[in-house]
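Naming: A, B, ... by sequence-line order, numbering from 1 per chain. Side chains are part of it too, since the values below use all heavy atoms of this structure and drop only hydrogens, waters and symmetry mates.
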2 protein chains.
Amino acid sequence: MSIDTPEQIVPQAPTLEMVAHEAGVSRATVSRVVNGSTAVTPQVTAVVNAAIEKLNYVPNRAARSLASRRTNVIALIVPEQTSIVFSDPFFAAVIQGVAVYLNDTDYTLNLLIASETSSDKTRRYLLGGNVDGALVVSHHSGDHSYTRLGQKLPIVFGGRPLTPELDDSYFVDVDNVAAARSATEHLISLGRTRIATVAGPQDMPPGVDRLRGWREAMDAAGLTDDLVEIGGFSPASGADAMGRLLDRDPSIDAIFFANDQMAAGAYPVLRERGLSIPQDIAVAGFDDDPLGTALSPTLTTVHQPSSELGAGMAAALVRLIAKEEIERATIMPTSLVVRESSKAPLR
Amino acid sequence: MSIDTPEQIVPQAPTLEMVAHEAGVSRATVSRVVNGSTAVTPQVTAVVNAAIEKLNYVPNRAARSLASRRTNVIALIVPEQTSIVFSDPFFAAVIQGVAVYLNDTDYTLNLLIASETSSDKTRRYLLGGNVDGALVVSHHSGDHSYTRLGQKLPIVFGGRPLTPELDDSYFVDVDNVAAARSATEHLISLGRTRIATVAGPQDMPPGVDRLRGWREAMDAAGLTDDLVEIGGFSPASGADAMGRLLDRDPSIDAIFFANDQMAAGAYPVLRERGLSIPQDIAVAGFDDDPLGTALSPTLTTVHQPSSELGAGMAAALVRLIAKEEIERATIMPTSLVVRESSKAPLR
DNA sequence: ATGAAAGCGCTAACAT
DNA sequence: ATGTTAGCGCTTTCAT
């Protein structure tokens, strides 16, 4: 080696073969130890582990996968349409839940943004035997367009499908109806009677379900359920809907928004009209968006266990891959977070 | 096959071998076509492609990786400390930028949440030859603790290192100093003279740099630069700092926050003290957090090209892996977004 | 309980 | 320009 030739640091990763040699056993035995087979003497196991430690051995995923015909890879598919509104922290939390959960398993997470144009490529990739299963976060949409893949590959969705009867996919979700109902009951318990709602798009399960929950609570309390406007889950749409509602009935004394973004958009409208929150009008949202605590007054909302949803999806998929029997639907609990926007009795 | 035994659908993925057979050529030739080698007759290429199409062939990553000794996998490391504050949409956007960019390459994205406890496991994994390179998003921290890995594996960081002189890593970032300077100059251009700032932690590059930018602008304009308080990038810390500043000098007529979260936290404080934005006090933040448009008045801020930062990181890494020469630092442009919170001249 | 040996599906010299 | 032939590092029967 001359002075001019910088030493080529070839980080030649140690192979199972080398470990076997070091430990004085066969490759098969090392493999057994690595994979936690019980059929190995404690003594031998110890020797092998020592060798592994000494050589700093890490199994080569590709080789393992090729030989075992398992990839140990789980795809996390984020439809692009969804990801463009990646600004929604709900997603980030779900993804985080997935990633953290998988960290403690042998699975590796493969994040995939599936654009319309590449959806075919995505399907091929998924069916090409490159992953053991897939997770689809379709958020509010309920779009289970990957459903048919479910017959060839284990798949778990986030959110219930749009048309349950035509769908036999697995999914993890919250009970939007019950959650909306409880938020509305909370407003009712404040003594409010003119309670409105801004629902989400009626072609998305959460849009439908949260409206239904509101209606159930109103009906049960014997209140009229006609103060409804449809929004698009965005702040601007919330502002618009709020304006329309107040035009219809200026005496509204409480309102439930299908998500926090719309509630936030409505805040300035309320202020412009000289209505104070919560004295004149109590407000509740949905999602427990972090921005709810930045608003003034802070926003009462329904908390969704977002990262737990992610973890739940991952857990379900892992069991599915292991061919365990699991429920088609996994429902996670929500909780009402009461903040300043609903903290005063009717004046 | 009896009626009781459901047909076992074995989605036996077609192999290169099968394609070769179908096309009547050797496996090597198919491999050449698949990998875009020029040394194949157009005719043969066509035949092979037809066979691929017909059989719906998708290369097996594991086999390919094993044989080529390339993994075509890029790890995206999100330190847990960071991800817990995953509520910051900045991240989601960066990650999205990375994912979308890689979608058009042959690389696959491996998302890794590296907790303190598993950082050793993470290191081993990275060095075990399971990825071709890694991306580290350390956001505001500037923590380049994976720097040493950079000698064994191509790595690109998000954000400049804390101690540039001790660091020889590659990174992608924005010019925080210049951006903060321009935001401050904007406030100065409004005719304001008592301009304060709430800086970020001084052990994080953005904390240091944004304060420096503010100071440079103040000094250049001949204004005193003593109205400084340090916050922690959270809404609560912004509120606290705002209070301290107003206690020190109630005549403050403009303020620059090192991020939008802190500015949002300060809004209620200002309102409580009877100061109106922007008439009494003009406000500017940093990050272009979506919440800035939900605030009332909407918040003037510095926009960072978050998803472009992600794409830039991915692009740099891909070039690094290809052993191309690249600059250690890639600096992306920011832009000032003027909104209502700074839209009035001094009254 | 351990070892021997045959691949897993592909790439990359090397031949031709 | 195309084919032949070794492996890549590991798992997994099948023996022993």
Q. Are Leu127(B) and Val58(A) side-chain neighbours, meaning at least one heavy-atom pair lies under 4.5 Å?
A.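 Leu127(B) does not reach Val58(A) side chain to side chain.
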Q | Contact check, side chains of Val136(B) and Met313(B), non-hydrogen atoms, under 4.5 Å | A |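 Side-chain contact under 4.5 Å: no.
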**Q.** Under 3.5 Å side-chain donor-acceptor pair for Asn49(B) and Tyr57(B)
**A.**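 Note: Asn49(B) and Tyr57(B) side chains miss the donor-acceptor criterion.
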Q: Consider only side-chain N and O atoms of Arg64(B) and Asn35(B), and report whether a donor and an acceptor are under 3.5 Å apart.
A: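 Indeed, the side chains of Arg64(B) and Asn35(B) share at least one donor-acceptor pair under 3.5 Å.
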[X] has a side chain; which of [options] sits nearest to it?
X	options	result
Ala39(A)	dG3(D), dG9(D), dA1(C)	dA1(C)
Thr41(B)	dC10(C), dG9(D), dT2(D)	dT2(D)
Leu66(A)	dG9(D), dC10(C), dA1(D)	dG9(D)
Arg32(B)	dA1(C), dA13(C), dA4(C)	dA13(C)
Leu16(A)	dG9(C), dC10(D), dT12(D)	dC10(D)
Arg70(B)	dG9(D), dA12(C), dC14(C)	dA12(C)
Arg27(B)	dT2(D), dC10(C), dT11(D)	dC10(C)

Q: Give me the bend of the helix from dA1(C)-dT16(D) to dT16(C)-dA1(D), using the axes of the five pairs at each end, rounded to 10°.
A: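 The end axes of the helix from dA1(C)-dT16(D) to dT16(C)-dA1(D) are about 30° apart, to the nearest 10°.
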**Q.** Face-on cation placement of Arg328(B) at Tyr170(B) ring, 6.0 Å and 45° thresholds
**A.**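 Positive - Arg328(B) is close enough to the ring of Tyr170(B) and near enough to its axis.
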Q. Within the structure shown, what part of the strands sits under 4.0 Å from Val44(B) by heavy-atom distance: base, sugar-phosphate, or nothing?
A.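 It contacts sugar-phosphate atoms only.
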Q: Report which part of the nucleic acid Val25(B) touches: base, sugar-phosphate, or nothing (heavy-atom distance under 4.0 Å, all strands).
A: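 Sugar-phosphate contact only.
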Q: State the CG-CD1 distance between Asn110(B) and Ile77(B), to the nearest 0.5 angstrom.
A: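 The CG atom of Asn110(B) sits 9.0 Å away from the CD1 atom of Ile77(B).
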Q: Kindly compute the distance separating CZ (Arg27(A)) from CG (Leu16(A)), expressed to the nearest 0.5 Å.
A: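 Here the rounded value is 7.0 Å.
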Whether [X] contacts [N] is assessed here as follows: a side-chain N or O lying under 4.0 Å from the phosphate OP1 or OP2. Is that the case?
X	N	value
Arg69(A)	dG7(C)	no
Ser26(A)	dA4(C)	no
Ser68(B)	dC10(C)	no
Arg64(B)	dT11(C)	yes
Thr29(A)	dG3(C)	yes

Q: Please lay out, stage by stage, how Thr29(B) and Val44(B) fare under the test side-chain contact (heavy atoms from CB on, under 4.5 Å).
A: CA-CA 9 Å; Thr29(B) 298; Val44(B) 176; 3.7 Å; yes
Q: Return the residues of residues 49-62 of chain A meeting this criterion: a heavy atom under 4.0 Å from some atom of DNA chain D. Order them by number, or give none.
A: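 Those residues whose heavy atoms fall under 4.0 Å from DNA chain D, taken from residues 49-62 of chain A in numerical order, are Tyr57(A), Pro59(A), Asn60(A).
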Q | side chain to side chain contact (heavy atoms under 4.5 Å, CB included) partner of Leu102(A), chosen from Val73(A), Thr108(A), Leu317(A), Val318(A) | A |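 Among Val73(A), Thr108(A), Leu317(A), Val318(A), the one that satisfies the side chain to side chain contact (heavy atoms under 4.5 Å, CB included) with Leu102(A) is Val318(A).
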